Amino acid sequence: MKVFKDTLEAAGIIRNTVVTTGSFDGVHIGHKTIIDRLNHLAREINGHSCLVTFHPHPRKVLYPDQKDLKLINSQEEKIELLSQTGLDNLVIIPFSVEFSKTSSHDFITKILIGHLDARVIIVGHNHHFGYNRSGDFSYLYDLSNKMGFKVEDIPLKDIENETVSSTKIRKALLEGNIMRANAYLDYQYIITGNITDNVSPVLSGARGRYFNMSIEEEEKLIPPKGIYATNLLVNGKMLKSMTVISETNGQPVIDFSLLYDKHNLEGEKGSILFYKKIKGSEIFYDFTIDNDEVIEAREDVDELIY
């Protein structure tokens, strides 16, 4: 997958494209349905699939005073997940207040068609774009008849008769319902960051060696306080682990311990893959943790097959 930092960088390089646009936060099973269709149509026209997304997230730019934005993926995580879908090209538009004023007409004609040579444009269910979100499928359809490109609408993916959406995934994660979120995502929820030994004070009496996972993007969604069965992906190795999410000075803290392996991980970059919540926030008392709870949780995690 080729990654372009704006549409001008991609202009003239990628041609004859099938394009879709959106945040694609989570790269969940519904998003993968759209990307699968994108790739299929690109092969049909002997062209290339292209996904256009934005960074930073538009809400962060347009409503900087709102601090409740929570994203399923960091930018790094999203790029990695998209690279696994078979997508040919990813174009990341730097989102700004000025760009937000781009009209729907200009976004389609100047950017998607002018810069990216879009021959087919695919949109998800109820997708809107352009200034004040004025563009939608009906607008695209009318414009396609005038300009000669094709447009297609993809419905949301259903799982167990439930419509998948990033909103539902965020809700499941914030409730600690990791297995439900994973079913929607079609992969284990991921937190990627730098590994340090700056462990939370809540683990001062806990048995075993713990490491801290430091993340860079403040919008990254962190599951609620508790103990989780997890895997750690580091240096290409998948290691079974137990993760403790606590809170210090109102900020979430992510610590983990390897179950079987002994490695000095300080200074490494890794990803925690969440499988299941084992214990809830009731284990935390005034920034201390009952060592018996940690031992019991470790035994619970050790018995899981994942």
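Keep in mind the model is a prediction, meaning the values are calculated, not measured. Nothing fancy with the numbering, it's 1 onward along the sequence.
- Scanning all heavy atoms of the two residues, the minimum distance from Cys50 to Val91 falls at SG-CG2, 3.8 Å.
- With values rounded to the nearest 0.5 angstrom, Ser96 atom OG is found 9.5 Å from Lys101 atom NZ.
- Remark: the backbone N or O of Ile72 is paired with a side-chain donor or acceptor of Tyr189 at under 3.5 angstrom.
- Note on Phe256 and Ile254: same hydrophobic cluster, where clusters join Ile, Leu, Val, Met, Phe, Trp and Tyr whose side-chain heavy atoms are under 4.5 Å apart, directly or indirectly.
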Q: Quick one: do Ile45 and Arg119 satisfy side-chain contact (heavy atoms from CB on, under 4.5 Å)? Show the steps, please.
A: CA-CA 9 Å; Ile45 67 170; Arg119 305 299 175 87; 4.2 Å; yes
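- Residues passing the side-chain hydrogen bond (donor to acceptor under 3.5 Å, both in side chains) test with Glu9, sequence neighbours excluded: none.
- Of the possible polar contacts, none joining the Thr85 side chain to the Leu81 backbone as a donor-acceptor pair under 3.5 Å is found.
- Glu268 is linked by a side chain to side chain contact (heavy atoms under 4.5 Å, CB included) to Ile195, Val234, Asn235, counting only residues two or more places apart in sequence or in another chain.
- A heavy-atom distance below 4.5 Å is not found between the side chains of Ser200 and Val244.
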Q: Would you check, one step at a time, whether the test side-chain contact (heavy atoms from CB on, under 4.5 Å) holds for Asn231 with Leu239?
A: CA-CA 6 Å; Asn231 291 308; Leu239 308 173; over 6 Å; no
Q | side-chain contact (heavy atoms from CB on, under 4.5 Å) evaluation trace for Glu216 with Ser74 | A | CA-CA 9 Å; Glu216 297 177 357; Ser74 67; over 6 Å; no
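- Annotation: side chain to side chain contact (heavy atoms under 4.5 Å, CB included) contacts of Glu175 (sequence neighbours excluded): Lys171.
- Counting heavy atoms from C-beta outward, Lys240 and Tyr275 have side chains that stay 4.5 Å or more apart.
- Grouping the Ile, Leu, Val, Met, Phe, Trp and Tyr side chains by contacts below 4.5 angstrom, directly or via other members, places Ile245 apart from Val253.
- Scanning for side-chain hydrogen bond (donor to acceptor under 3.5 Å, both in side chains) contacts around Thr7 gives His115, with sequence neighbours left out.
- At least one donor-acceptor pair under 3.5 Å links the side chain of Thr20 to the backbone N or O of Ile122.
- Rounding to the nearest 0.5 Å places CD1 of Ile13 at 13.0 Å from CG of Asp117.
- Partners of Phe24 under the ring-ring contact (aromatic ring centres under 6.0 Å, His included) rule, at least two apart in sequence or in another chain, are His31.
- In this structure, Leu232 and Leu258 have side chains that are in contact, with non-hydrogen atoms separated by less than 4.5 Å.
- Contact detail for Gly176 and Tyr228: the closest heavy-atom pair is CA-OH, 4.5 Å.
- No donor-acceptor distance shorter than 3.5 angstrom exists from the side chain of His55 to the backbone of Gln75, with no hydrogens or angles considered.
- With 3.5 Å as the limit, one finds a donor-acceptor pair spanning the side chains of Asn212 and Asp255.
- Within the model, atoms CG of Leu116 and CG of Asn89 stand 8.5 Å from one another, a figure rounded to the nearest 0.5 Å.
- Under the 4.5 Å side-chain heavy-atom criterion for grouping Ile, Leu, Val, Met, Phe, Trp and Tyr, Ile191 is connected to Met238 within one hydrophobic cluster.
- The two residues Phe99 and Ile111 come nearest to each other via the heavy atoms CE1-CD1, 3.7 Å.
- Checked against side-chain hydrogen bond (donor to acceptor under 3.5 Å, both in side chains), Asn39 has the following partners two or more places apart in sequence or in another chain: Ser49.
- Although no hydrogens or angles enter the test, the distance criterion places a donor-acceptor pair under 3.5 Å between the side chain of His28 and the main chain of Gly30.
- Linking ILVMFWY side-chain heavy atoms closer than 4.5 Å, directly or via other members, places Ile169 and Phe274 in a single hydrophobic cluster.
- The stretch residues 37-63 participates, sequence neighbours left out, in these salt bridge (charged side-chain N to carboxylate O under 4.0 Å, His left out) pairs: Arg37-Glu152, Arg59-Asp68, Lys60-Glu219.
- Under the side-chain hydrogen bond (donor to acceptor under 3.5 Å, both in side chains) criterion, Glu218 pairs with no residue at all, not counting sequence neighbours.
- One hydrophobic cluster holds both Phe211 and Leu273 under the rule that ILVMFWY side chains link at heavy-atom gaps under 4.5 Å.
- When all heavy atoms of Phe149 and Ile121 are compared, the closest pair comes out as CE1-CD1, 3.7 Å.
- Side-chain contact annotation: Ser241 with Thr230, donor-acceptor N/O pair under 3.5 Å present.
- Ion pairing between a basic and an acidic side chain is recognised when a charged N comes within 4.0 Å of a carboxylate O; Arg170 and Asp25 show such pairing.
- Between Lys269 and Met213 there is no side-chain heavy-atom pair separated by less than 4.5 Å.
- Atom NZ of Lys225 is separated from atom OG of Ser246 by 8.0 Å, given to the nearest 0.5 angstrom.
- With respect to Ile93, the side-chain contact (heavy atoms from CB on, under 4.5 Å) criterion is satisfied by exactly one of Val52, Asp6, Thr53: Val52.
- Other cluster members for Leu69: Leu71, joined by side-chain heavy-atom distances under 4.5 Å among Ile, Leu, Val, Met, Phe, Trp and Tyr.
- The distance from the NZ atom of Lys168 to the OG atom of Ser166 is 12.0 Å, given to the nearest 0.5 Å.
- The side-chain heavy atoms of Thr243 and Ile227, taken from C-beta on, include no pair separated by under 4.5 Å.
- A pairwise comparison of heavy atoms in Pro56 and Phe95 identifies O-CB, 3.5 Å as the closest pair.
- Put simply, the side chain of Thr17 never gets that close to the backbone of Val19: no donor and acceptor are under 3.5 Å apart.
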Q: Begin from the C-alpha positions of Ile92 and Ile79 and carry the test side-chain contact (heavy atoms from CB on, under 4.5 Å) through to its verdict.
A: CA-CA 10 Å; Ile92 304 170; Ile79 292 172; 3.9 Å; yes
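- Using a 4.5 Å cut-off on side-chain heavy atoms (C-beta onward), Arg209 and Asn264 make contact.
- Side-chain contact between Ile178 and Leu173 is present, with heavy atoms from C-beta onward closer than 4.5 Å.
- To the nearest 0.5 angstrom, Leu82 atom CG is 10.0 Å from Lys32 atom NZ.
- Judged as a ring-ring contact (aromatic ring centres under 6.0 Å, His included), and not counting sequence neighbours, Phe107 has no contacts.
- Counting only residues at least two apart or on different chains, the salt bridge (charged side-chain N to carboxylate O under 4.0 Å, His left out) pairs with a member in residues 77-95 are Glu77-Lys220.
- More than 12 non-hydrogen atoms from other residues, nucleotides or ligands lie less than 6.0 angstrom from OH of Tyr187.
- For the side chain to side chain contact (heavy atoms under 4.5 Å, CB included) test, residues two or more places apart in sequence or in another chain that qualify with Asp106 are Thr102, Ser103, Thr109, Lys110.
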